[in-house]
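Here is the structure we will look at.
Residues: numbered from 1 along the sequence shown. Given the structure is predicted, the values throughout are model-derived calculations rather than measurements.
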Amino acid sequence: MTERLYLADDTVTAFEATVERVLSDPDRLVLDRTHFYPTGGGQPHDTGTIRVADGGDAATDRSDGGGTARWRVVDVQMRDTVYHEIEPLGGENGENGESDGAADAAEPPPLPEPGTDVVCEIDADRREAHSRYHTAQHLLSALLLDEFDARTTGNQLYADRARLDAEYGRFTDDDLDRIEARLNELVADGRPVSSYTMDRETAEATLDTDRTRIDLLPDSIEELRIVEIAGQDAEDEPYDRTACAGTHVANTADVGEVVVTGRETKGPDEERVRFALAEHVDAD
């Protein structure tokens, strides 16, 4: 089982690992440890690159006779372990990791053998955007529960927008204005965000399940990672306490200004709220 390092520290975007398994159709690597986040909990997977460590047997094993064997990580999935789907990159890369013409014409490097040491780098901008949106979603879930008695039923994050589904009749335009204003107050408060692990039985017995949303997790998950957003004052109860394996910023101030961009009815007593970081709304 791959050691999922992002659960303990979701700020790391460069690390070393060892290949444990190699699979094809599509090409995938299983590493002994990873900071790459796999798709789950409404958060998309990380992308990035993996290259053979300097001095490795496959480090210069390319048909053009030189360069470093490297691959683009295009998908990450968690099943029985973490699978990193990869595509080859040349030794010389242009902006945003795109291969140059010479590399495109070359034969791709052979996949690394099990036991190969590799250097991994996560796309930091994509990770940061997901972390900001995920923290904003936690704030929004807590806000809707506190002020509208609306329980979150699902969410989906992207690198430039997000949405949240909640049990509620219908949000009015005034409601959306109020939600946006309050959400940005919580962001501006600069509340610390932290995480710790707890076994599921203890969590279900001692924590508010409406807030932790444990029931949304598969029964197979027995140890939970709890993410907390601090209360307004140090002695206050956490504003939000949620079972979540996703990545988050360290302080709500790192989220930045949030814009509620709209709503729609998803079914009887279920509303969808759409939101985005202000910089992404301005970019449109």
For Gln156 against Gly42, the heavy-atom pair lying closest together: NE2-O, 3.1 Å
Arg191 to Tyr239 six-membered ring, cation-pi geometry met (6.0 Å, 45°): yes
Cluster overlap Leu111 with Val82, hydrophobic side-chain contacts below 4.5 Å: yes
Leu144 side chain reached by Tyr168 side chain, heavy atoms, under 4.5 Å: no
Arg28 with Asp25: basic N within carboxylate O range, under 4.0 Å: no
Nearest non-hydrogen partners of Leu277 and Arg132, listed with the distance: CD1-CZ, 3.4 Å
His248 side chain to Ser131 backbone, donor-acceptor under 3.5 Å: no
Heavy-atom closest pair, residues Ile214 and Ala203: CD1-CB, 3.7 Å
Flag side-chain contact, heavy atom, 4.5 Å: Leu207 against Arg241: yes
Aromatic ring proximity His35/Tyr6, centre distance under 6.0 Å: no
Thr252 (side chain) donor-acceptor with Val187 (main chain) under 3.5 angstrom: yes
Within-4.5 Å side-chain heavy-atom neighbours: Thr34 and His84: yes
Donor-acceptor contact below 3.5 Å, side chain Glu121 vs main chain Thr49: no
Linked, directly or transitively: Leu176 and Val258 (ILVMFWY side chains, under 4.5 Å): yes
Smallest separation among heavy atoms of Val227 and Cys244, with atom names: CG2-O, 3.7 Å
Residue pairs involving residues 73-89 (criterion salt bridge (Lys or Arg N to Asp or Glu O under 4.0 Å); sequence neighbours excluded): Arg21-Asp80
Thr247 side chain to Gln43 side chain, donor-acceptor N/O pair below 3.5 angstrom: yes
Atom pair CZ (Phe275) and CG (Leu183), whose distance is rounded to the nearest 0.5 Å: 7.5 Å
Under 3.5 Å: donor-acceptor pair, side chain of Asp233, backbone of Glu235: no
Parallel, tilted or perpendicular: ring planes of His280 versus Tyr133, cut at 30 and 60 degrees: parallel
Row check, Phe36 ring normal vs Arg127 NZ/CZ: under 6.0 Å, within 45°: no
Stepwise side chain to side chain contact (heavy atoms under 4.5 Å, CB included) test for Leu145 and Arg211: CA-CA 8 Å; Leu145 186 62; Arg211 290 189 177 278; 3.6 Å; yes
Donor-acceptor side-chain pairing of Thr265 and Glu270 below 3.5 angstrom: no
Within the 6.0 Å centroid threshold, strictly below: His134 and His130: no
Side-chain donor or acceptor of Asp269 paired with backbone N/O of Glu167 under 3.5 Å: no
Short side-chain to backbone donor-acceptor contact, Asp9 and Thr11, under 3.5 Å: yes
Arg151 side chain near Ser141 side chain, heavy-atom distance below 4.5 Å: no
Minimum side-chain heavy-atom gap Val118-Val19 below 4.5 Å: yes
Cluster link Leu31 to Trp71, ILVMFWY, side chain under 4.5 Å: yes
Heavy atoms from other residues, nucleotides or ligands near CG of Asp236 exceed 12 (cutoff 6.0 Å): yes
ILVMFWY network linking Val52 to Ile122, side-chain heavy atoms under 4.5 angstrom: yes
CA sep, side-chain torsions, deciding dist, call: Gln137, Leu157, side chain to side chain contact (heavy atoms under 4.5 Å, CB included): CA-CA 8 Å; Gln137 178 262 305; Leu157 316 173; 4.1 Å; yes
Expected output: side-chain Thr212 to main-chain Ala243 donor-acceptor under 3.5 Å: no
Note: Glu271-Arg263 ion pair, threshold 4.0 Å (strictly below): yes
Tyr83 side chain reached by Met78 side chain, heavy atoms, under 4.5 Å: no
Side-chain donor/acceptor of Asp199 to backbone N/O of Thr202, under 3.5 Å: yes
Side chain to side chain contact (heavy atoms under 4.5 Å, CB included) assessment of Asp165 paired with Thr152: CA-CA 6 Å; Asp165 295 339; Thr152 295; over 6 Å; no
Worked verdict on Val74 versus Ile86 for side chain to side chain contact (heavy atoms under 4.5 Å, CB included): CA-CA 6 Å; Val74 296; Ile86 57 173; over 6 Å; no
Inter-residue atom distance Glu16.CD - Arg51.CZ, 0.5 Å rounding: 8.0 Å
Minimum side-chain heavy-atom gap Asp189-Leu186 below 4.5 Å: yes
Basic-acidic side-chain contact under 4.0 Å: Glu264, Arg274: yes
From CG (Leu139) to CD1 (Ile229), nearest 0.5 Å: 4.0 Å
Glu222 backbone acceptor or donor facing Arg200 side chain under 3.5 Å: no
Val22 side chain near Leu29 side chain, heavy-atom distance below 4.5 Å: yes
Nearest-0.5 Å distance that lies between atom OG in Ser195 and atom CG in Asp10: 6.5 Å
Side-chain ion pair, Glu147 and Arg178, N-O less than 4.0 Å: yes
Nearest heavy-atom neighbours spanning Thr261 and Val281: CG2-CG2, 4.0 Å
Check: Thr47/Asp123 side-chain N/O donor and acceptor closer than 3.5 Å: yes
ILVMFWY cluster, Val76 and Phe15 together (side-chain gap under 4.5 Å): yes
Minimum-distance pair of heavy atoms, taken over all atoms of Leu140 and Val273: CD2-CG1, 4.3 Å
Donor-acceptor contact present, side-chain Thr116 to main-chain Pro112, <3.5 Å: no
